[in-house]
Amino acid sequence: MKKRLEAFLNSALTALKTRGELSAEIEISVQVERARDPRHGDFATNLAMALAKAARAHPRQIAEKIIAALPEDPAIVKVEIAGPGFINFFIDSEAQFSIIRDIHAAGREFGRSTVGAGQAVQVEFVSANPTGPLHVGHGRGAAYGAVVANLLAAVGFNVHREYYVNDAGRQMDILAASVWLRYLEECGETVVFPSNGYRGEYVRTIAWGLRKREGEKFRCPAAEVMADLPPDEPQGGDKEAHIDALVAKTKTLLGPEGYRTVFDAGLDSILDDIQQDLEEFGVRYDEWFSERGLTETQAVKRALAKLKEAGYLYEQDGAVWFASSRLGDEKDRVVVRENGQMTYFASDIAYHMNKLERGFDRIVNIWGADHHGYIARIKAAIEALGGDPAKLSVLLVQFAVLYRGEEKVQMSTRSGEFVTLRQLRNEVGKDAARFFYVMRKSDQHMEFDLKLATSRTNENPVYYVQYAHARVCSVFRQLDEKGWERSLANGMTHLGRLTEPHEAALATTLSRYPEVVEQSALQHEPHHLVHYLRELAYEFHTYYNAHQFLVEDAALRDARLNLIAAVRQVIANGLGLLDVSAPEAM
RNA sequence: GCGCUUGUAGCUCAGCCGGAUAGAGCAUCGGCCUUCUAAGCCGAGGGUCGCAGGUUCGAGUCCUGCCAAGCGCGCCA
């Protein structure tokens with residue numbers, strides 16, 4: 001309906017222009033919005049006011065001309081000018097209730113659309129380093145990314161979900177060294193664990209598995225490992241220098257093959273865990289993209305060569321720099337260090353070159369908000385590679401602060417004591433976790449109250465929405481128990497019997513669903529969908545309390561049953577996009 | 001110090017490209033179960049939209065300054 005009105009207004013504008021009543025040069029995008037106040041009808045547009053300046057006329061006069069030029073439509077019962085120049089539209093109630101037919105006809109497809117026109121969009125999210133289990137911060141990115149991807153797919157984009165696996169680089173080397181030290185402990189050696197190593201319990205588990213599989217073939221005397229290492233921080237040294245030396249020593253003592261085995265033991269184990277964790281959280285990927293693969297296929301070298309060719313690389317102080325400041329970044333960035341090693345950024349340039357080469361129309365990166373300073377350099381890199389930086393959207397996700405009631409849950413990565421995503425799921429369940437994560441705008445800090453998410457009271461919005469779905473199911477069970485027949489067709493022919501204000505309100509809200517899905521998708525803001533579902537559930541509950549559905553009058557009963565079946569369908573569809581279950585009984 | 005983000009009811013948050021009297025949940029107070037599930041509903045109170053200017057028919061929304069909070073400013077990832 002909204003789109004129909006927009007089309008009508010546009011045709012009215014062209015009519016006025018061809019008749020010379022409006023300057024042909026005036027360009028304006030027509031906006032129709034839902035009226036907030038029922039007295040303002042069902043839809044309203046500020047078009048006349050927006051035109052007033054350019055047309056040099058009073059808004060109300062313009063409004064009159066527009067209305068006169070509008071095509072006839074039986075669904076529009078009244079058009080009026082109000083306030084400073086709003087045009088308000090009143091829609092025929094018969095037409096309002098026909099949404100019930102649409103919902104029934106479309107079923108699970110209702111709300112889906114084709115605005116995306118099959119454009120290929122890549123959504124990269126989570127991409128946490130495989131150096132440990134996912135924590136609750138990653139969980140928010142996972143829920144948000146998964147829902148954004150679902151929404152984009154629902155409105156007709158061809159979505160490719162991807163996880164970038166940082167399986168190369170210094171952090172992974174530190175993990176490998178940590179695994180080896182724990183392995184040596186398993187073998188009975190006494191080592192001093194570095195302050196900068198990975199201290200989590202999972203590292204011991206990996207080491208235990210390694211020893212079980214491989215025996216003691218990687219065993220070295222602890223004294224040999226620790227010999228000639230620069231002192232660690234507790235001994236008054238530099239922890240970074242200490243760990244780097246330890247990594248180097250690990251590589252030397254194990255040799256390339258042994259090192260690879262230990263390294264992969266860590267990587268494979270943690271990656272398996274992450275994959276399983278996300279799977280259980282309802283997050284599925286089309287591709288797990290390996291950073292190591294970029295180096296192995298020479299993609300990093302190729303990307304740097306391309307930048308060099310374009311004249312964006314230069315050498316200084318023994319390092320190679322990318323002149324990103326020429327493309328909007330604050331300063332230039334190093335891509336090859338003095339010691340000849342590529343920086344993480346170099347891999348990332350190659351990764352984005354790869355994304356461009358795969359021909360995506362749009363690229364969506366979902367990052368933790370602490371990476372916001374990184375956006376400018378990636379956009380610069382895309383531009384320098386000859387791509388269009390506007391294709392890339394970077395969506396930032398703020399970390400969630402955990403509470404248990406009033407009490408803040410302390411988290412510390414350093415000590416290895418953090419709340420993992422798995423712990424969260426075990427405590428509050430998948431449905432509540434997903435719902436809570438996307439309930440708030442993603443780039444805002446959020447407070448995640450574990451107590452609230454598990455509570456079985458009206459404080460909990462997850463149950464509120466699910467309960468509405470279950471209640472409809474319950475009504476249909478009651479219908480069967482009474483042995484009454486239901487006729488879908490009879491209900492459709494008697495939609496005119498739905499005369500209660502609650503029913504009209506429900507029909508209006510139901511008809512908004514496709515708009516909400518489209519808006520949530522295009523703006524990458526799933527919280528709109530969550531708020532909508534809560535509102536729909538509210539309108540259903542209030543209707544449920546005010547009126548009896550299972551009445552003797554079959555025409556009225558069937559009409560009402562069709563209405564609540566439509567509500568059930570839309571709730572199921574909406575929760576489906578969030579990947580939250582829609583239970584039939586609670 | 002510079003940059004990005006944020007500041008809306010006691011708390012947690014919405015507010016669609018600037019639009020009509022700023023909304024919701026929770027909390028508080030008062031009501032509703034012999035009737036399709038009370039994980040529900042009905043009602044009440046609660047606001048200087050951080051502060052000060054500016055832009056215009058109109059500002060919570062845009063611009064400037066200030067205050068406060070978070071994050072970022074490595075040849076780390």
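Numbered from 1 within each chain, the chains take letters A, B, ... in sequence-line order.
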Under a 4.5 Å cut-off applied to non-hydrogen side-chain atoms, are A:Arg534 and A:Val530 in contact? no

Sequence-distant partners of A:His541, ring-ring contact (aromatic ring centres under 6.0 Å, His included), two or more places apart: A:Tyr464, A:Tyr467

Within the structure shown, what part of the strands sits under 4.0 Å from A:Gln523 by heavy-atom distance: base, sugar-phosphate, or nothing? sugar-phosphate

Touch check for A:Ala44, heavy atoms < 4.0 angstrom, all strands: base, sugar-phosphate only, or nothing? base

Please report the interatomic distance CG(A:Leu550) to CG(A:Leu561), rounded to the nearest 0.5 Å. 6.0 Å

Across the strands shown, which category fits A:Asp317 at heavy-atom distances under 4.0 angstrom: base, sugar-phosphate, nothing? base

Looking at side-chain heavy atoms only, is the closest gap between A:Arg568 and A:Cys473 below 4.5 Å? yes

Return one dot-bracket line describing RNA chain B 5' to 3' (Watson-Crick or G-U wobble pairs, both distances under 3.5 Å; ( ) same strand, [ ] crossing, | another strand, . none). (((((((..((((.....[...)))).(((((.......))))).....(((((..]....))))))))))))....

Nearest whole angstrom, please: distance from the C1' of B:A69 to the CD of A:Gln398. 11 Å

Report yes if a donor N or O on one partner sits less than 3.5 Å from an acceptor N or O on the other, where the partners are the side chain of A:His541 and the base of B:C41; otherwise report no. no

Sugar-phosphate, base or nothing in reach of A:Ala470, heavy atoms under 4.0 Å: base

If you look at every strand shown and take non-hydrogen atoms under 4.0 Å, does A:Asn88 touch a base, only sugar-phosphate, or nothing? base

Mind checking what makes ring-ring contact (aromatic ring centres under 6.0 Å, His included) contact with A:Tyr532, not counting sequence neighbours? A:Tyr513

Would one find a side-chain N or O of A:His547 under 4.0 angstrom from OP1 or OP2 of B:U35? no

Would you please name every residue forming a ring-ring contact (aromatic ring centres under 6.0 Å, His included) with A:His371, sequence neighbours left out? none

Can we say A:Arg512 and A:Glu518 salt-bridge, meaning some charged N sits less than 4.0 Å from an Asp/Glu carboxylate O? no

In this structure, is the centre-to-centre distance between the rings of A:Phe289 and A:Tyr351 below 6.0 Å? yes

Could you check whether A:Lys2 pairs with A:Glu33 (Lys NZ or Arg NE/NH1/NH2 to Asp/Glu carboxylate O, under 4.0 Å)? no

Test of understanding: with ring-ring contact (aromatic ring centres under 6.0 Å, His included), list the residues that count as partners of A:His138, not counting sequence neighbours. A:His135

Has A:Arg512 got a side-chain N or O lying under 4.0 Å from the OP1 or OP2 atom of B:C16? no

Could you tell me whether A:Glu338 contacts a base, only the sugar-phosphate backbone, or nothing, with contacts defined as non-hydrogen atoms closer than 4.0 Å? base

With a 4.0 Å limit, can you tell me whether A:His527 has a side-chain N or O closer than that to the phosphate oxygens OP1/OP2 of B:G15? yes

For RNA chain B, find the residues of residues 323-330 of chain A with a heavy-atom distance under 4.0 Å and give them by number; none if there aren't any. A:Glu330

Phosphate OP1/OP2 of B:A77 contacted by A:Thr343 side-chain N/O (<4.0 Å): no

What does A:Ala369 touch in the nucleic acid at a heavy-atom separation under 4.0 angstrom: a base, only the sugar-phosphate, or nothing? sugar-phosphate

For A:Phe86 and B:A20, say yes or no: do the ring centres fall under 5.5 Å of each other while the ring planes differ by less than 30°? yes

Reckon A:Arg170 touches a base, only the sugar-phosphate, or nothing at all at heavy-atom distances under 4.0 Å? sugar-phosphate

Roughly how many Å apart are B:U34 and B:U48, using the P atom of each and rounding to a whole number? 43 Å

